Amino acid sequence: MSTTPLVFAVFVLGAGTFAFRFAGPALRSRVRLEPRVERLMTVAAIVLLTALVGTQALLDDGGFAGVARPAGVAVGGVLAWRRAPFVVVVVAAAATAALLRLCGVD
């Protein structure tokens with residue numbers, strides 16, 4: 001099996017990614033969006049990130065991940081909302097999940 005198609009695909013995807021990333025700053029001054037569309041895109045990004053966090057926190061191998069992981073995410077979310085330092089947020093979330101698992105809570 002030849003690796004040439006794989007290498008070609010990697011280069012094409014890399015060039016496409018670069019083009020998309022370069023187009024944002026290059027076209028920012030030329031393309032104007034309505035304020036309503038900009039607000040909608042901001043809300044869409046928040047909804048997408050919330051959905052990602054929710055699925056990663058609640059699901060594992062297509063089923064419920066247990067109580068420990070969502071509890072850790074909740075602790076981290078509250079600390080981030082209260083503007084705690086990033087290291088504190090990560091350590092507290094991990095410690096919460098680890099302590100719950102140590103106590104036998106899955």
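Fair warning: this is a prediction, and the values are worked out from it, not measured in the lab.
- Closest approach of Gly66 to Pro70, counting heavy atoms only: O-CD, 3.0 Å.
- Closest non-hydrogen pair, Ala93 versus Gly72, comes out as CB-O, 3.2 Å.
- Residues in residues 42-63 take part in these salt bridge (Lys or Arg N to Asp or Glu O under 4.0 Å) pairs, two or more places apart or across chains: Asp60-Arg69.
- For the side-chain hydrogen bond (donor to acceptor under 3.5 Å, both in side chains) condition, no pair includes a residue of residues 76-105, sequence neighbours left out.
- Leu79 has its side chain within reach of Val75: a pair of non-hydrogen atoms, C-beta onward, lies under 4.5 Å apart.
- Across Val89, Val88, Val87, a single residue satisfies side-chain contact (heavy atoms from CB on, under 4.5 Å) together with Val91, and that is Val87.
- Separating the CZ atom in Phe11 from the CG atom in Leu6 is a distance of 10.5 Å, to the nearest 0.5 Å.
- When each of Val47, Leu52, Ile46, Leu48 is paired with Thr50, the side-chain contact (heavy atoms from CB on, under 4.5 Å) condition holds for Ile46 and for no other.
- Ala65 approaches Ala57 most closely through the heavy-atom pair CB-O, 3.9 Å.
- For the pair Leu58/Phe64, a side-chain contact is recorded, criterion being any heavy-atom separation below 4.5 Å from C-beta on.
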